[in-house]
2 protein chains.
Amino acid sequence: MDFEHADALNQAIRLLSLRHRARAASLLAPLGLHPGQEALLLELTRTGPMIQAQLSEALGCEPPSVTLMTRKLEAGGHIRRTPAPSDRRASIVELTDSGKALAEQVKQLWCALAEETVGGLPAETVAELPGILKTLTGNVDTRRPHHPGGAGTV
Amino acid sequence: MDFEHADALNQAIRLLSLRHRARAASLLAPLGLHPGQEALLLELTRTGPMIQAQLSEALGCEPPSVTLMTRKLEAGGHIRRTPAPSDRRASIVELTDSGKALAEQVKQLWCALAEETVGGLPAETVAELPGILKTLTGNVDTRRPHHPGGAGTV
DNA sequence: GCATAATAGTTATGCGCATAACTAATCTGT
DNA sequence: ACAGATTAGTTATGCGCATAACTATTATGC
């Protein structure tokens, strides 16, 4: 691949992250959330109570990040951490009622953001997009074993 | 748009940023660069000497970020900042010889990263990808006036 | 049963990015 | 020509993310 194409792609990915994150930040700010925290709330909504190691895996970020995120969300009263009875090292993380209510609001914003994001694209492209992005992600994911032929986990 | 689709999209964008950046970090580390700095070097390669305000615009990040990036790259000997003769507020930023050499290495990595990133996708999709990503970016870009109908600035 | 390895979580530290508040220089209107 | 607005850049501070080093607990091999 020639440099111009490569550069266009890499730069486009970098700018998309910056802008999408910034837009998410401006939408989440009125709820008192910083971008990244919404992912934790939504994961708990999807999967239910889980320990931090599972959150770390699900969110794709490292344990120390989870420590900080959970601490702040706990301080805000949105989640609760209770020692796991079966494993005294682990904490079970779960949503409080306030957290559940907040997650519902986040869901609304999330839909609005997604619609805003794909505005002007043909429906066909929009339908393919998550699969394409997951393929890209899998291709550069140094965490997992590798996902070699991955034409999309759609 | 229903929540599942919206969530899939937003989450895919978030994960792609994390992973693409992490992969870039691991490729750039041997050159002594942190991700983000390569963008500044490449921009100077593309456009030539420019002042920080132009860099801020071109890179899509805020002036204080440019201050820090330029300071570190200057400390590393890769760029040089000289006062602009016509405007005593501004600094002209330009690559040193070392910086030019480094930028050439970054270009190699950049091509390799892009190829790795799009692995397994049909050529057709790869060709469309930068345009699609730019459309997405434009849709959530709160910096510019707005880019409403934007079906792609390809 | 006990030394060793593996795992859950935390703290410390550093980078990139942001916003807010500031200084210094340039531009503008009257 | 001079007051006020704009612009270039910096410092201070805070968040999300990372890695490295650490503690406490649980699992494993002999």
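Chain identifiers are assigned alphabetically (A, B, ...) following the order of the sequence lines, protein sequences preceding nucleic acid strands; residue numbering begins at 1 within each chain. This is a predicted model, so every value here is computed, not measured.
Side chain of B:N10 to backbone of B:A6: a donor-acceptor contact under 3.5 angstrom is found. Checked by atom type and distance alone, the side chain of A:E116 never pairs as donor or acceptor with a backbone atom of A:A114 at under 3.5 Å. Although no hydrogens or angles enter the test, the distance criterion places no donor-acceptor pair under 3.5 Å between the side chain of B:S56 and the main chain of B:Q52. Side-chain atoms of A:R14 come within 3.5 Å of backbone N or O of B:L59 as a donor-acceptor pair. A:S91 places no side-chain N or O within donor-acceptor distance of the main-chain N or O of A:T82, the cut-off being under 3.5 Å. Formation of a donor-acceptor pair under 3.5 Å by the B:Q54 side chain with backbone atoms of B:I51 is found in this model.
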Worksheet entry | Worked check of side chain to side chain contact (heavy atoms under 4.5 Å, CB included) between B:T117 and A:I13 | CA-CA 10 Å; B:T117 303; A:I13 292 175; 4.1 Å; yes

Fill in: Chi angles and distances behind the side chain to side chain contact (heavy atoms under 4.5 Å, CB included) call for B:L33, B:L73
CA-CA 9 Å; B:L33 290 177; B:L73 287 170; 3.8 Å; yes

Item to complete: Take B:L136 and A:L121, measure what side chain to side chain contact (heavy atoms under 4.5 Å, CB included) needs, and give me the verdict at the end.
Response: CA-CA 9 Å; B:L136 300 177; A:L121 285 179; 3.7 Å; yes

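A:T70 and A:E74 share no donor-acceptor pair across their side chains, judged by distance under 3.5 Å alone.
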Discussion item. Each nucleotide in nucleotides 17-26 of chain D should get exactly one letter: B, S or -. Can you fill that in based on protein heavy atoms under 4.0 Å?
Written reply: SBBB---BBS

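In this entry the distance linking CD1 of A:I79 with P of C:dG9 reads 12 Å, nearest Å. What separates CG of A:L33 from P of D:dC15 is a distance of 13 Å, to the nearest Å. The distance from atom CD1 of B:I51 to atom C1' of C:dA24 is 15 Å, rounded to the nearest whole Å. Between the CZ atom of A:R81 and the C1' atom of C:dG9 there is a distance of 9 Å, rounded to whole Å. One interatomic measurement links the two molecules: CD of B:E38 to P of C:dG16, which rounds to 10 Å at whole-angstrom precision. Rounded to whole Å, the distance from CG on B:L15 to P on D:dG16 is 17 Å. Rounded to whole Å, the distance from CD on B:E74 to C1' on D:dG9 is 13 Å.
In this structure the side chain of A:K107 reaches within 4.5 angstrom of the side chain of A:E104, judged on heavy atoms.
No contact: B:S56 has no heavy atom under 4.0 Å from any strand.
For D:dG14, neither phosphate oxygen OP1 nor OP2 lies less than 4.0 angstrom from any side-chain nitrogen or oxygen of A:K72. Checking the phosphate oxygens (OP1, OP2) of C:dT7, no side-chain nitrogen or oxygen of A:Q52 falls inside 4.0 Å. For the pair B:T67 and D:dG9, the criterion of a side-chain N or O lying under 4.0 Å from OP1 or OP2 is not met.
Near DNA chain C, defined here as any heavy-atom distance below 4.0 Å, there are no residues from residues 101-113 of chain A.
The nucleotide whose nearest atom lies closest to any side-chain atom of B:H34 is, among C:dG9, D:dC15, C:dG16, C:dG16. Comparing D:dG9, D:dT10, C:dT10 against the side chain of B:R71 picks out D:dT10 as the nearest.
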When you compare the protein's N or O atoms with those of nucleotides 1-4 of chain D, which come within less than 3.5 Å of each other, and at what distance?
none

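Each of A:R81, A:E43, A:R80 was checked for a side-chain contact (heavy atoms from CB on, under 4.5 Å) with A:V93, and the lone residue meeting it is A:R81.
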